[in-house]
Asker: 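Have a look at this one.
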Amino acid sequence: MGRGHLEPERIVRLELGAVVLLDQRRLPDEVVELRCGSAAEVADAIRTMAVRGAPAIGVAAAYGLALAAERGEDLERAYEVLAASRPTAVNLVWALDRMRDDPSPERARRLHQEEVERCRRMARHAAALFGPGTRALTHCNAGGLATGGYGSAVGALLAAWEDGLLAHVWVDETRPLLQGARLTAWELEAAGIPHAVIADAAAAHVMARGEVDCVVTGADRIAANGDTANKIGTYGLAVAAAHHGLPLYVVAPTSTLDPATPTGAGIPIEERDPAEVTSRFPARNPAFDVTPAALIAAIVTEEGVHRAPYESSLPWAVHA
Ligand code: MRU
């Protein structure tokens, strides 16, 4: 792989007796791996966000189920424990369902490889939306770390950079766990892409100053009408982007589509420990929000660029 791309097996892999992950809680200061010896340990790694990002937790769960099968664990129990580890990203259950008939290491590795391949394909489609000299703004981390390799929104930025279309990336720090400031900035630095981390609260300001051309994010779940759940703060960005006449592009693989949920109102939103916000005062910590489809200029999947109405334009047949 080219400069700055983490090999997929460095992000998450199955070894004999363990799922091994790059511990994303410790990046960028420490590059250390975490070994999970059971499905319950993989679920714990997902819950505590040692591995995070919608496609990556699906891949980790698939490896977790393969590990459970290899160890002779009760597979129904392993499925339930893994599926319950985080509620919002539909990729988790999507991946586990694909492992039900064949919980083998080969199946899990194929699923991983296919997710990375989807990222490469959708990045090419997304890059075509960029004009020369684009200054993009992104939120959270939708890079290789979040997908098990290459990335969705960050994959689009890599492809646009390779095409000579990207000038600069504003990286929202992404309170409270700083996926932007710690992970996206680390990935962009490795790829040699000019970038600057901003406080989340500075996004509308740089838009107002005319320093942003588009907003590009990933997604954790896309409802049948195109309403999209993503990291908390995405909805606010979408409102600000609409006010400034800027397009918001959502880049996500078809594993993130959820045809069974008609609108964003039905998407379960994870509430995490308030202590992640402050342990000194009462706090509330919703980890995701829903951006209404009307605020999304396009959703890009591996199948192409999709515009409203999303009920008919998204590739539901591919998803099935
Ligand atoms: O809580 P996280 O870090 O798992 O949230 C991740 C996001 O919101 C990403 O934007 C999303 O999963 C897309 S990753 C390709």
Side-chain angles (χ1 to χ4, degrees), residues 6 8 11-12 21-25 27 43 45-61 85-95 112 115-116 118-123 126 137-158 171-187 200 215-222 228-238 248-258 267-273 276-277 285-291 296 299-302:
L6 272 180
I11 298 163
V12 55
L21 354 132
L22 194 56
D23 191 335
Q24 298 190 32
R25 297 167 300 191
L27 290 171
I46 294 171
R47 188 176 312 108
T48 59
M49 294 173 63
V51 59
R52 35 77 35 216
I57 64 178
V59 170
S85 58
R86 290 190 80 188
T88 301
V90 76
N91 307 60
L92 184 60
V93 168
W94 177 90
H112 186 182
E115 253 340 25
V116 178
R118 284 186 194 97
C119 286
R120 293 186 163 278
R121 287 175 57 197
M122 64 195 173
L137 188 150
T138 192
H139 189 66
C140 194
N141 171 259
L145 290 165
T147 61
Y150 200 73
S152 55
V154 173
L157 298 174
L158 293 174
V171 182
D172 270 5
E173 64 175 347
T174 317
R175 285 274 301 150
L177 296 180
L178 304 179
Q179 290 93 329
R182 294 187 302 107
L183 308 177
T184 302
W186 189 64
E187 292 181 333
D200 300 329
V215 177
V216 189
T217 72
D220 286 80
R221 190 186 293 237
I222 299 173
T228 294
N230 192 51
K231 176 54 52 194
I232 190 76
T234 306
Y235 173 43
L237 270 185
L248 164 68
Y249 301 126
V250 170
V251 186
T254 48
S255 51
T256 306
L257 301 180
D258 181 10
I267 298 178
I269 298 296
E270 178 180 15
E271 292 273 345
R272 293 186 63 84
D273 185 351
E276 288 178 352
V277 177
N285 190 13
F288 298 94
D289 56 27
V290 174
T291 297
I296 299 171
I299 298 176
V300 184
T301 72
E302 72 273 15

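Note that ligands are numbered from 1 as they come in the structure, with each ligand's atoms numbered from 1 the same way. Basis for what follows: all heavy atoms, side chains included, without hydrogens, waters or symmetry-related copies.
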Asker: Can you tell me which residue and heavy atom of the protein come closest to atom 10 (O) of ligand 1, and the distance to 0.1 Å?
Answerer: N230 OD1, 2.7 Å
Asker: Determine the sole option in E187, K231, Q179, Q24 for which the side-chain hydrogen bond (donor to acceptor under 3.5 Å, both in side chains) test with N141 is passed.
Answerer: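 Single pass found, and it is E187.
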Asker: Pick one of side chain, backbone, both or neither for how M49 approaches ligand 1, counting any non-hydrogen atom pair under 4.0 Å.
Answerer: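 It is the side chain that gets close, since no backbone atom is under 4.0 Å.
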Asker: If the contact criterion is a heavy-atom separation under 4.0 Å, does A287 count as touching ligand 1?
Answerer: no
Asker: Q179 heavy atoms, cut-off 4.0 Å: which ligand 1 atoms fall inside?
Answerer: 1 (O), 2 (P), 3 (O)
Asker: Could you check whether any heavy atom of T217 sits closer than 4.0 Å to an atom of ligand 1, since that is the contact criterion I want to use?
Answerer: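 Heavy atoms of T217 never come under 4.0 Å of ligand 1.
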Asker: Which ligand 1 atoms, with their elements, are less than 4.0 angstrom from a heavy-atom of F288?
Answerer: 1 (O), 5 (O), 8 (O)
Asker: Heavy atoms only: which of G58, A219, G233, C140 lies closest to atom 13 (C) of ligand 1?
Answerer: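 Answer by nearest heavy atom: A219.
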Asker: What closest approach, in Å, do D289 and G233 show between heavy atoms, and which atom pair accounts for it?
Answerer: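 For D289 versus G233, the nearest heavy atoms are OD2-N, 2.7 Å.
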Asker: Measure from the side-chain N and O atoms of N91 to the backbone N and O of A56, and report whether any donor-acceptor pair falls under 3.5 Å.
Answerer: no
Asker: Measuring from atom CD of E276 to atom CG of L178, what distance do you get when rounded to the nearest 0.5 angstrom?
Answerer: 10.5 Å
Asker: For residues A123 and A156, report the shortest heavy-atom separation together with the two atoms involved.
Answerer: CB-N, 3.8 Å
Asker: If you have a sec, work out which protein heavy atom is nearest atom 4 (O) of ligand 1 and how many Å separate them, to one decimal?
Answerer: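 Protein heavy atom with the smallest distance to atom 4 (O) of ligand 1: R86 NH1, 2.8 Å.
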Asker: Determine whether the side chains of E302 and T254 contain a donor N or O and an acceptor N or O closer than 3.5 Å.
Answerer: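 Checked: E302/T254 side chains pair up, N/O donor to acceptor below 3.5 Å.
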Asker: To check your reading of the model: name the closest protein heavy atom to atom 15 (C) of ligand 1, its residue, and the distance in Å.
Answerer: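 Scanning the protein heavy atoms, the shortest distance from atom 15 (C) of ligand 1 goes to S152 OG, 2.9 Å.
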Asker: Contact between ligand 1 and P55 is defined here as a heavy atom of the residue under 4.0 Å from a ligand atom; is it met?
Answerer: yes
Asker: Within the 4.0 Å heavy-atom shell around A142, which atoms of ligand 1 are there?
Answerer: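 So the answer, numbered in order with elements, is 14 (S), 15 (C).
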Asker: Between the side chain of T301 and the main-chain N/O of A252, is any donor-acceptor distance below 3.5 Å?
Answerer: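 Side chain of T301 to backbone of A252, a donor-acceptor pair under 3.5 Å: no, none is there.
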Asker: Considering heavy atoms of the protein only, find what lies nearest to atom 5 (O) of ligand 1 and give residue, atom and distance to 0.1 Å.
Answerer: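 Here the closest protein heavy atom is K231 CE, 3.3 Å.
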Asker: Counting non-hydrogen protein atoms only, what is the nearest one to atom 14 (S) of ligand 1? Give residue, atom name and distance.
Answerer: A146 CB, 3.5 Å
Asker: Would N141 count as a contact of ligand 1 if the rule is a heavy atom under 4.0 Å away?
Answerer: yes
Asker: Quick one: are T256 and W94 in side-chain contact, heavy atoms under 4.5 Å?
Answerer: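 T256 does not reach W94 side chain to side chain.
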Asker: For atom 7 (C) of ligand 1, find the nearest protein heavy atom and state the residue, atom name and distance (0.1 Å precision).
Answerer: D220 OD1, 3.3 Å
Asker: Sort out for me which residue in T217, N230, D172, T184 forms a side-chain hydrogen bond (donor to acceptor under 3.5 Å, both in side chains) with H139.
Answerer: D172
Asker: Without swapping roles, check the side chain of R86 against the backbone of R47 for a donor-acceptor pair under 3.5 Å.
Answerer: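 Not a single qualifying donor-acceptor pair exists.
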Asker: What residue and atom, counting heavy atoms only, is the protein's closest point to atom 12 (O) of ligand 1, and at what distance?
Answerer: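 Checking every protein heavy atom, the shortest distance to atom 12 (O) of ligand 1 gives A54 N, 2.9 Å.
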Asker: List every atom of ligand 1 that sits less than 4.0 Å from any heavy atom of T147, numbering the atoms from 1 in the order shown and giving each element.
Answerer: 15 (C)
Asker: Taking all atoms of both residues into account, what is the closest heavy-atom pair of Y150 and V116, and its distance?
Answerer: CB-CG1, 4.3 Å
